[in-house]
2 protein chains.
Amino acid sequence: MQLRRDDVLTGALEVLDGDGLEGITMRKLAAHLGVQAGGLYWHFANKQTLFEAMADKILEGVGAPVEPGPWDEQVGELARRLRRALLSHTDGARLVAGTYVTEKNTVAVGQVWFDVLRAAGIATDRVGWVGFSLSSYVLGHTIEEQGLAGSPPAVGSTGKAATSDAAESADVEAMISAVAAADPADRFEYGLSVFLDGLRYQMER
Amino acid sequence: MQLRRDDVLTGALEVLDGDGLEGITMRKLAAHLGVQAGGLYWHFANKQTLFEAMADKILEGVGAPVEPGPWDEQVGELARRLRRALLSHTDGARLVAGTYVTEKNTVAVGQVWFDVLRAAGIATDRVGWVGFSLSSYVLGHTIEEQGLAGSPPAVGSTGKAATSDAAESADVEAMISAVAAADPADRFEYGLSVFLDGLRYQMER
DNA sequence: ACCTGAACACCGTTCAAGT
DNA sequence: ACCTGAACACCGTTCAAGT
């Protein structure tokens, strides 16, 4: 049974889900595929290239056309789609963030964003900035989401708060706990709504 | 001349600036400090701990009190401060994003955000969400900024646009070029202004 | 065309032993 | 207290050689 490029990619995403971004090893992937490590280099020039292909595969479908409707709902849909794709694999956000992707799917993503924002009436020379800003938010948020998953119950609740004002420090800890305890999807939606409100405001001028 | 913990940290940031995040090696850092690799483990339990300390050091000063003034200017100042700190070292954003920091400076950063947003009149239970959203944007944006630095002239301009509509694809490429060509600081300010407009809008209701 | 086997130049981490 | 020396169990990548 010969290996196709796509089998390697699928196997790599399985290893990613099992062992995380730092756990992916050419040797481990090779073993997972029942092959010697050196053999992988026939399919991918190096690990970096493999990572880029993985990142692109994660973005598959994010560039699909969006349903007709109000522009702000469309933009929201795009943002949610991107988040869902990044969440679909362990450390997906960090993987995509770490690779400067120019592959097929990434270009497709750029295309839909462009179409939607242009149809929304945003000036051509601003469309890129809006898309870049919003996707930066999605990427940053999702990285934090996936990072927080394996971290201590509440960031900062380790008791080593060095603040002199005990009452105030308690408030901060309460804030941090509230953030950590909240549904990540709700937090995401909140930030998204702020951004969309800002966008609407800027368009009404 | 004995090594102090802080010397190791400083040396590590120098290696970071020289060789990037992937280039940092316990052995290389040891050589840079004129020491054997094993010796570093007296100062830091492991590489991850070292990285966390580096991330925290990068955030030094970001938690300083902010000058009195309109709340939106204060919030903007905090966002810009964070961006500047992340930009101050090669791959700074990715370093901070990859470490779940609970150290001194990080807590201090949380403290100022809390103070400023609270004073702005944002409800206590919303303060964390706002701070989290905004810092997600800053983190995501800065990661992309630092990533784009070493990448091809214009993402997507590789000529392999698979779209059927040539004219539309040209528009997308123009958009991408416009984003890549623009001053990163301007792009950052734009997204920040959108977020702040949205925040103002939400507070007026 | 696709992969093995074996090698090369590295890694992070541990730990007895030195000073 | 702070570091060396040497080892252990790994890495990514290359490349002749096999099928």
Side-chain angles (χ1 to χ4, degrees), chain A residues 1-57 90-91 94-101 147 150-151, chain B residues 1-57 90-91 94-101 147 150-151:
Chain A
M1 253 284 279
Q2 287 206 159
L3 230 45
R4 286 157 317 168
R5 194 189 140 95
D6 211 69
D7 299 327
V8 179
L9 225 41
T10 305
L13 289 173
E14 288 166 2
V15 175
L16 176 66
D17 286 335
D19 300 351
L21 190 57
E22 274 72 30
I24 300 188
T25 272
M26 296 306 269
R27 295 173 127 94
K28 207 141 66 177
L29 172 56
H32 181 71
L33 295 168
V35 107
Q36 292 301 111
L40 296 176
Y41 288 81
W42 195 90
H43 298 280
F44 292 93
N46 48 44
K47 204 183 178 182
Q48 178 61 26
T49 308
L50 170 63
F51 274 26
E52 282 166 17
M54 290 168 69
D56 200 58
K57 184 149 192 134
T90 304
D91 294 333
R94 255 167 66 226
L95 172 65
V96 170
T99 50
Y100 326 124
V101 202
S151 63
Chain B
M1 252 284 277
Q2 287 205 159
L3 230 46
R4 286 158 318 170
R5 193 189 142 96
D6 211 69
D7 298 327
V8 179
L9 226 40
T10 306
L13 289 173
E14 288 166 3
V15 175
L16 176 66
D17 286 334
D19 300 350
L21 190 56
E22 274 71 30
I24 300 188
T25 272
M26 296 306 269
R27 296 174 127 93
K28 207 141 66 178
L29 171 56
H32 180 73
L33 295 168
V35 106
Q36 292 302 112
L40 295 176
Y41 289 80
W42 195 91
H43 298 279
F44 291 93
N46 48 43
K47 203 183 178 183
Q48 178 61 27
T49 308
L50 171 63
F51 274 26
E52 281 165 19
M54 290 168 69
D56 200 59
K57 185 152 192 132
T90 305
D91 295 331
R94 254 166 66 226
L95 173 65
V96 170
T99 50
Y100 327 123
V101 202
S151 62

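Naming: A, B, ... by sequence-line order, numbering from 1 per chain. As the structure is a computational prediction, the values presented were derived from the model and not from experiment.
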Answer yes if the side chains of A:N46 and A:T49 hold a donor-acceptor pair under 3.5 Å, and no otherwise.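 Present: a donor and an acceptor within the cut-off.
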Take the protein atom [atom1] of [X] and the nucleotide atom [atom2] of [N], then report the distance between them rounded to whole Å.
X     : N      : atom1 : atom2 : answer
A:L29 : D:dT13 : CG    : P     : 12 Å
B:Q48 : C:dG12 : CD    : C1'   : 13 Å
A:R4  : C:dC3  : CZ    : P     : 11 Å
A:W42 : D:dT14 : CH2   : P     : 16 Å
B:N46 : D:dA9  : CG    : P     : 20 Å
B:M26 : C:dG12 : CE    : C1'   : 7 Å
B:R5  : D:dC3  : CZ    : P     : 14 Å
B:E22 : C:dC11 : CD    : P     : 14 Å

Candidate list B:L95, B:L13, B:D17, test side-chain contact (heavy atoms from CB on, under 4.5 Å), partner B:T90, passing option: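 The side-chain contact (heavy atoms from CB on, under 4.5 Å) with B:T90 is passed solely by B:D17 among B:L95, B:L13, B:D17.
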Hey, are the side chains of B:L50 and B:L9 touching, using non-hydrogen atoms and a 4.5 Å cut-off?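 Yes, close enough: below the 4.5 Å cut-off.
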I want to check something: taking the side chain as every heavy atom from C-beta on, are B:E14 and B:L29 in contact at a cut-off of under 4.5 Å?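 A side-chain contact under 4.5 Å is absent here.
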Is there a side-chain contact between [X] and the phosphate of [N], meaning an N or O under 4.0 Å from OP1 or OP2?
X     : N      : value
B:T25 : C:dG12 : yes
A:Q36 : C:dC3  : no
B:H43 : D:dC3  : yes

Closest nucleotide of DNA chain D for B:L3 versus for B:R27: which of these residues is on the 5' side?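 In this pair, the answer is B:L3.
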Checking contacts here: which listed nucleotide (D:dT13, C:dC2, C:dG12) is nearest the side-chain heavy atoms of A:Y41?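 Among D:dT13, C:dC2, C:dG12, the one nearest the side chain of A:Y41 is D:dT13.
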Looking at the side chain of A:K47, which of C:dG12, D:dT4, D:dG12 is the nearest nucleotide?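 Within the option list, the nearest is D:dG12.
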What nucleic acid atoms does B:I24 come within less than 4.0 Å of, heavy atoms only: base, sugar-phosphate, or nothing?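 B:I24: backbone/sugar contact only, no base atoms under 4.0 Å.
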Nearest heavy-atom neighbours spanning A:R5 and A:A53: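 Heavy-atom minimum between the residues: NH2-CB, 3.8 Å.
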Base-pairing assignment for D:dG5 (Watson-Crick or G-U wobble, both under 3.5 Å):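 Across any shown strand, D:dG5 pairs with C:dC15.
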